[in-house]
Amino acid sequence: MKWLFYNLAFAAVFPFLLPGFLLRMCRRGGYSKRMGDRFAVYPPDVINRFRAMRKRPVWVHAVSVGEVQVAGQLMREWRRVEPDVSFCFSTTSSTGWKIAEPLVTDADVLIYNPLDFPNFVKSALATVRPRAVVLTESEIWPVFVRRARRLGIPLFLINARVSDRSAPRYAKAKFLFRDVFGCFTRMFAQSDLDASRLVAAGAPESRVKVTGSFKFDVARRNPDKEREMREWTGGARNVLLGGSTWPGEDEAMLRIAERVPNATLVIAPRHFEKADAVEANIRKHGFDCVRRSRGESAASAAPSGRRTVFLADTTGELMGLYGIADAVFVGKSLCEHGSQNMIEPCLCGKPTVVGPFTENFRPVMSDLLSSDAIVQVKDEDELSDTIAGWFANPSEASALGARAASAVASRVGVVPSCVGRIRSLIDGMQGPV
């Protein structure tokens with residue numbers, strides 16, 4: 001009865017959510033040619049590719065940039081130990097699609113995930129016919145999960161996390177999530193706290209395993225992109241990077257740049273559709289703006305006598321920017337809750353600072369803070385003092401960066417272990433998992 005209510009509620013609420021969904025699609029673009037995927041109506045070439053697969057694929061689902069990178073690392077490791085494996089990779093956003101495209105091979109199929117409604121889910125699973133389903137972090141779709149379980153498909157949740165905001169919601173809806181979590185073959189949690197929250201929400205304790213964070217394995221330096229970003233900025237020195245900034249954080253970075261006159265500020269906003277507003281703020285503060293999406297660069301900028309701020313508003317540039325930075329602030333941590341990935345600048349050996357809101361990376365922050373490998377501040381004043389101090393004392397900043405790189409290097413290895421456990425369970429092999 002409760003699942004009938006869930007399906008009826010989904011059908012009733014979805015029409016009201018649809019306008020916002022369509023508006024977001026128009027802003028970000030990239031959806032229209034594959035809109036049918038949402039309703040499990042796939043182009044003929046996609047259907048033919050599924051039919052031509054020699055082995056049933058592993059269905060991997062991820063949404064955000066970070067989750068897609070986690071999924072990509074899992075697929076790379078899986079291919080290393082099973083070269084003839086095929087994947088069906090699904091995502092829900094055009095940004096996720098763009099990040100996923102270079103991760104899939106000719107043996108794989110990339111699709112948008114179906115809406116979580118019985119008919120669409122049933123049709124999608126009948127088309128893909130996966131031998132296993134792997135979901136990332138918190139991507140739990142009840143109808144999809146329960147249908148896959150009913151078909152006897154092994155289900156896995158990797159790099160699982162339960163945020164501070166989600167934990168009480170899961171606990172209150174335990175009567176619902178107990179059924180959903182009970183469908184999983186294994187849930188691989190990032191930390192003991194995440195594991196305990198899953199169990200508190202109804203997950204069988206025997207099926208929840210703590211592995212640590214996949215994201216220590218995911219981060220990889222990109223020398224080619226670093227060279228490209230160095231050329232774009234004209235080999236600028238004293239690069240201060242605001243990575244994945246949210247509204248309000250770009251203005252904070254501009255105020256800090258005013259305080260540190262020898263810094264070259266680069267802003268990489270989390271959502272590129274807000275880049276116009278970021279550019280307006282840059283010019284309001286009296287800086288010139290060199291914008292990546294317009295093909296502008298340090299070489300093409302006309303001299304004006306004003307300082308230049310570089311606006312990186314294109315996909316796939318962030319690791320290159322981290323590689324050339326001299327100091328990094330990681331966004332969605334000062335003015336928004338959750339934070340973006342702080343592992344990547346730490347991997348590059350950069351002095352890295354975050355704001356007070358880092359709940360999306362709780363286990364990662366615990367590891368980095370315990371190694372004195374990152375700085376966390378409570379507000380903009382502390383952020384400004386920290387960054388100004390680094391530029392005044394480069395040796396202190398360099399030492400912090402070295403500790404950061406060492407902390408990341410010492411925590412890799414989660415992905416191979418997890419892939420081994422998943423394959424063992426799928427193949428029905430004996431032994432501890």
Exercise. In terms of side-chain heavy atoms, does Asp194 have a donor or acceptor partner in Ser191 at a distance below 3.5 Å?
Worked result: yes
Exercise. Which pairs with one or both residues in residues 349-377 pass ring pair (Phe, Tyr, Trp, His ring centres under 6.0 Å), sequence neighbours excluded?
Worked result: His337-Phe357
Problem set entry | Distance-only donor-acceptor check, side chains Asp326 and Asn238, under 3.5 Å | no
For this session: Classify the ring geometry between Phe156 and Phe188 as parallel (under 30°), tilted (30 to 60°) or perpendicular (over 60°).
Result: parallel
For this session: Using the ring pair (Phe, Tyr, Trp, His ring centres under 6.0 Å) rule, collect all pairs that involve residues 387-416, keeping only residues at least two apart or in two chains.
Result: none
For this session: Supply the atom-to-atom distance Asn281 CG to Asp276 CG, rounded to the nearest 0.5 angstrom.
Result: 11.5 Å
Exercise. Does any pair with a residue in residues 200-221 pass ring pair (Phe, Tyr, Trp, His ring centres under 6.0 Å), and if so which ones, sequence neighbours excluded?
Worked result: none
Exercise. If you measure from CG on Asp288 to CG on Leu311, what distance do you get to the nearest 0.5 Å?
Worked result: 13.0 Å
Exercise. Do Asp313 and Ser293 have side-chain atoms, one donor and one acceptor, less than 3.5 Å apart?
Worked result: yes
For this session: Assess whether atom CD of Glu82 is packed by more than 12 heavy atoms of other residues, nucleotides or ligands within 6.0 Å.
Result: yes
Problem set entry | Sequence-distant partners of Phe272, ring pair (Phe, Tyr, Trp, His ring centres under 6.0 Å), two or more places apart | none
Exercise. Does a donor on one side chain sit under 3.5 Å from an acceptor on the other, for Gln73 and Asp217?
Worked result: no
Exercise. Is any side-chain N of the basic residue among Asp367 and Arg411 closer than 4.0 Å to the acidic one's carboxylate O?
Worked result: yes
Exercise. Which residue pairs pass the salt bridge (charged side-chain N to carboxylate O under 4.0 Å, His left out) test when at least one of the two sits in residues 390-405, sequence neighbours left out?
Worked result: Asp372-Arg403
Exercise. Does a side chain donor of either Glu139 or Thr136 reach within less than 3.5 Å of an acceptor in the other side chain?
Worked result: no
For this session: Give the intermediate values and the outcome of salt bridge (charged side-chain N to carboxylate O under 4.0 Å, His left out) for residues Arg294 and Glu279.
Result: CA-CA 12 Å; Arg294 288 200 293 251; Glu279 180 177 4; 2.8 Å; yes
Exercise. Which pairs with one or both residues in residues 290-327 pass ring pair (Phe, Tyr, Trp, His ring centres under 6.0 Å), sequence neighbours excluded?
Worked result: Trp232-Phe310
Exercise. Quick one: do Lys215 and Glu137 make a salt bridge, cutoff under 4.0 Å?
Worked result: yes
For this session: Examine the side chains of Thr358 and Gln376 and answer whether a donor and an acceptor come within less than 3.5 Å of each other.
Result: yes
